[in-house]
Amino acid sequence: MGKIDDTIPDIGFLPALVITIVFGIVFQLPGDWKLMLIVGALGALFVRRIRKAFLVGFLGVGLAWGLIFAYLIATAQAMAVADMFIGLLGLEGLGAIVIVISILIGALLGGFGGMLGRAIYELIDEFLPSDSSGSQTPRPEPKSSEEEMASEQ
Amino acid sequence: MSTLLDLINKEGENMKRKVVNLVLSLIGPIALIIILTMPIGPLTGGLGIIQPIGGIFDNGAPEPGSQVLALPGLDAEVEVIIDHMGIPHIYADSTNDAFMALGYMHAKDRLFQITMQNYFAAGRISEIVGGYANSSDKFYRTIGLKRSAELTLAWYEANAASNPDVKAALDSMYAEVEGANAFIRSLTSATMPIEFKILGFTPELWTPVDCFINAKMLTWGLSGGLEDFQRQWIRETLDNDTMYNDLFPDLMPYTEPIIQEQANISYAEYPLAPGMAPATDNPGQYASMALADEVVIPEEKLEALIKSLNEVLNPFGDMELVGSNNWAINGSKSSTGMPILAGDPHLTLQAPSVWYEAHIVVLGELDVTGTTFPGLPAVLIGHNDHLAYSFTNVGADVNDIFVEQINPTNSSQYMYNGEYRDFTIHEENILTKEGEIIPFSVKESVHGPCIDSVWNTYNLGIESDANLAMNWTGSGVTHEMVAAAGFMRAQNLDEFIDAMYWWDSPPQNCVYADDAGNIAMLVVGRFPVRAGYTGEYPVVALNDSIGMVSNIPYAYNPREINPSRCFVSSANQRTINPSEYGYDILGPQDNGYRGRRIFYLLDNNDGITVDDMKRYQADVVEVRAEVIVPYVIAAWDDVGDGNTTISDAVDLLRVWDFDMEPDLIAPTIWMYLIDAIHYETFDEIRSINTAIPLSRTPILEELIVTNNSYYFDDHSTVGTVETRDDILVRSLFTAIDKLTVEWADEENWEYGNRHIVFIEHLAGFTYIGGGSHRGQITLNVAPTWIVTHGPSTRLVADLSNIEMSYMAYPGGQSGNMFSRHWDDNFELWYAFNESTEQYGYHVLYFYSTTDAFRTADTDGTMIERTITFVP
């Protein structure tokens, strides 16, 4: 078995984002927000840098939840539910805030999932042999990776 | 070599960096998981529930279409047609199947409500909302509704084999529980009530005890009033027995008693009291007994007790406001030649509603429709294929306090029948949502649980052993569910009366009408016969000759059957004139103004139609004002000083027809005026203590009508004697002055500006209503300014055509606030039609088969969907 990054190609940010959105919708159907960490991690398979991994997860899940909310607002009174919920905090009529916060939470779950996934892949790849049959993708320079982490913090 | 070492070092650095990256990458997810699962204030369920699917947003989804659902335990398929109001029409082959389906529907539509009421009554609400609610739990564990429910269940189980009535009731309970549990087991995020998600609570499966706890809560809410403390406090504080007897009598003047032509039934056939309790046909034997001395409880303790009792939430509202109307006319009064029955029980208006409508059909056995109490397998207000019924509360005092004499050397014992007995100690550990256990113990004597077990925990720094035992007829085993199982099935008056032989608690005025032309007002319930005390005040009862020694035999319970005036009616007023009845029924009962209005309307009208009955239910004539305002106007005309502001107000009262309509100013003036008249008249009371109620309005009315000179004189003035008219005019000034100040911000003084109906969600998440509202102490009862009590449902049953009977209640079938059935019934209940002078109703669809229902639904507007339950 070759390295993960040798097996799964870097397909570019936008294709990876589309895949992540699809994963985001599908994995949300069971109704467990923790799965969004996995969605982010899955999206991170298709990009290489940690910054990109975060972004693909963040935007992918955020957009996925946004799409779901758009559907729920149209069909399932999501705005009324949100209004009731925010009303519990004394902020009547500001239900949109709940939906924005929810999308932000989903996005962060996806983003952090992406970062975690990328970090895991790269660590695992350290222990896996190179596989010449796999597609050759440039390994990230350690230096740049370190800088990214620092900048993320 | 050095290159190799460099390479190894570089790889090591690389590995180290990646491990660090991984560790750093874990911070975000872990932090998010913590944030999304931790309780945040009331949001105990954590912020994760705001995800788009699997959280609170699932509850906004529309109901599914027709469904086929497995309901293990059914004998055969059950078809449930859900009508356009969300009301289930349950068609089953057996009562077991029917009540399983009802249990499922109750849980499906009202699980949060039932859970709340159940935990509340069982003294477990701290488990849902947190330990701050422990005083409520202590109270309910003290009165022991759950203990009584357990005893009741045990009795049913022990007697089911030998008594088919008991077995029928018990089987219904089991079926209800099984059906509800099938739903609870099937809970998904889509069907889990949103309240549970927010509170982070997972509902447990029901048990039959829970069912009986629900019944006990209903009973407590309607008959658990503890008047003894309040009476004693008023009397002791006044310290003037003449004044006390004048101003705080048990019997209100001008009342039209409910029962005016007492109809006994066979004592030989019904020798016992309701619920098979012992009875006496000779109450006079106890009349000569010396009365036990009243025990005067120290003022500080008494006030603390009253305060703590007032703080405990009564699920159905303040006992003073729990009231109802019901009446029936027979064919001589009706336009149809057959009886018409009307009923509107007044309870706290809550969301979801107290009631849940259902129509239950078991061919050849049961065909009944109306309102059920969620969690109980019975239609409590409604009609079957032959008869209709509805209830009002009797409001009798059936709850007394006995002061136990504690052994000075052993506080766990009390004196009874010449010896010291051990109190029974109930160890009640209260669990809290926070995971704490609050230990609590309740002492119980032969008379009942010591109500001051709660008070002792209130940390007032007063050392005292609990010794105030509460003797309530609703404690222990009661049989109202046997009665309910029977009266739903009754086919005629005899069967109905026979079923009510079981109804022991709470005492109710049950109006009845049938398709044989009969009408009746059956006062059902167990009324204690007291010996050696009056029941008004706490007493010491050292032996079993003092106390609730027996009961009124069911045969002699107050009742009217087909009275000569051709109508029966009740509105919580005096049950029966004491001079015409051999037993004492202790109040306090209602002031009687609604009773007087109903009596007037029915007595003075003939050819009454169903529409008239609806108009009567919407009636907002203030009888208090009708009587008192003319005296005020006359007083102003006689002794008024011509003040233009007051004159203008009086002119509004002059043309007022006493309707409490939102767009009028006179009702607003009246509200301030009646308070002011009480205030100005009863200086004798408020000069002693401002917390004492300023007497009751019928007493005030009597003083006005009889022109009483003593109480109208303001004893705080020296050298002048105020007359009635002086006080009435002064009241006008007081009222208008106060109104002017308090309504300064209002554009005008229209009553509807501040007379608002407000129906709050059980957990305060939302509300129904908020608009201006008609009525006050009127047939369409709407007391105080923010109306939170009122007709909890309205029923009009036409016995000439039972299929065209009507109902509406202030809520909706669904407990889901995002369902269209959350408040659609309220919209009917609230919508007053100015031209017909009626509120809205829906027809109680009453088709005995699914085919008949479907055939009738020619335009597809009657049936919403179907649930088919399969074994």
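Note that the structure is predicted; figures quoted are calculated from it, not measured. Residue numbers begin at 1 in each chain, while the letters A, B, ... track the order of the sequences.
- For A:Ile99, the part lying near chain B is the side chain, with the backbone staying farther off; criterion is any non-hydrogen pair under 4.5 Å.
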* Asked: Under the side-chain contact (heavy atoms from CB on, under 4.5 Å) criterion, do A:Val81 and B:Ile194 qualify, and how do the steps go?
  -> CA-CA 9 Å; A:Val81 177; B:Ile194 194 167; 4.0 Å; yes
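- Contact detail for B:Lys18 and A:Glu122: the closest heavy-atom pair is CD-O, 3.5 Å.
- Within the structure, ring pair (Phe, Tyr, Trp, His ring centres under 6.0 Å) contacts touching residues 66-86 of chain A (residues at least two apart or in different chains) are A:Phe69-B:Phe57.
- Across B:Asn21 and A:Ile50, no two heavy atoms sit closer than the pair ND2-CD1, 4.2 Å.
- Annotation for B:Pro29 and A:Leu37: closest pair CB-CD2, 3.7 Å, computed over non-hydrogen atoms.
- Put simply, CD on A:Glu126 and NZ on B:Lys16 are 14.5 Å apart, with the number rounded to the nearest 0.5 Å.
- For chain B, the option among A:Gln28, A:Gln77, A:Met36 with the highest count of heavy-atom pairs below 4.5 Å is A:Gln28.
- Using modelled atom types, no side-chain atom of B:Gln51 and backbone atom of A:Ser102 make a donor-acceptor pair closer than 3.5 Å.
- What you find for A:Trp33 and B:Thr37 is that their closest heavy atoms are CZ2-CG2, 3.6 Å.
- In this structure, the portions of A:Ile120 lying under 4.5 Å from any heavy atom of chain B include both its backbone and its side chain.
- Closest of all the heavy-atom pairs between A:Met84 and B:Ile198 is CE-CD1, 4.0 Å.
- The residue among A:Leu108, A:Ile103, A:Asp32 with the most heavy atom pairs within less than 4.5 Å of chain B is A:Asp32.
- Between the CG atom of B:Leu32 and the NZ atom of A:Lys34 there is a distance of 12.0 Å, given to the nearest 0.5 Å.
- In B:Tyr767, the OH atom is not crowded: 12 or fewer heavy atoms of neighbouring residues, nucleotides or ligands sit closer than 6.0 Å.
- Under the 4.5 Å side-chain criterion, counting only non-hydrogen atoms from C-beta, A:Leu116 is in contact with B:Leu22.
- B:Leu36 contributes atom CG, which lies 5.0 Å from atom CD1 of A:Ile105 (distance to the nearest 0.5 angstrom).
- Atom CD1 of residue B:Ile50 and atom CD1 of residue A:Ile101 lie 6.0 Å apart, to the nearest 0.5 angstrom.
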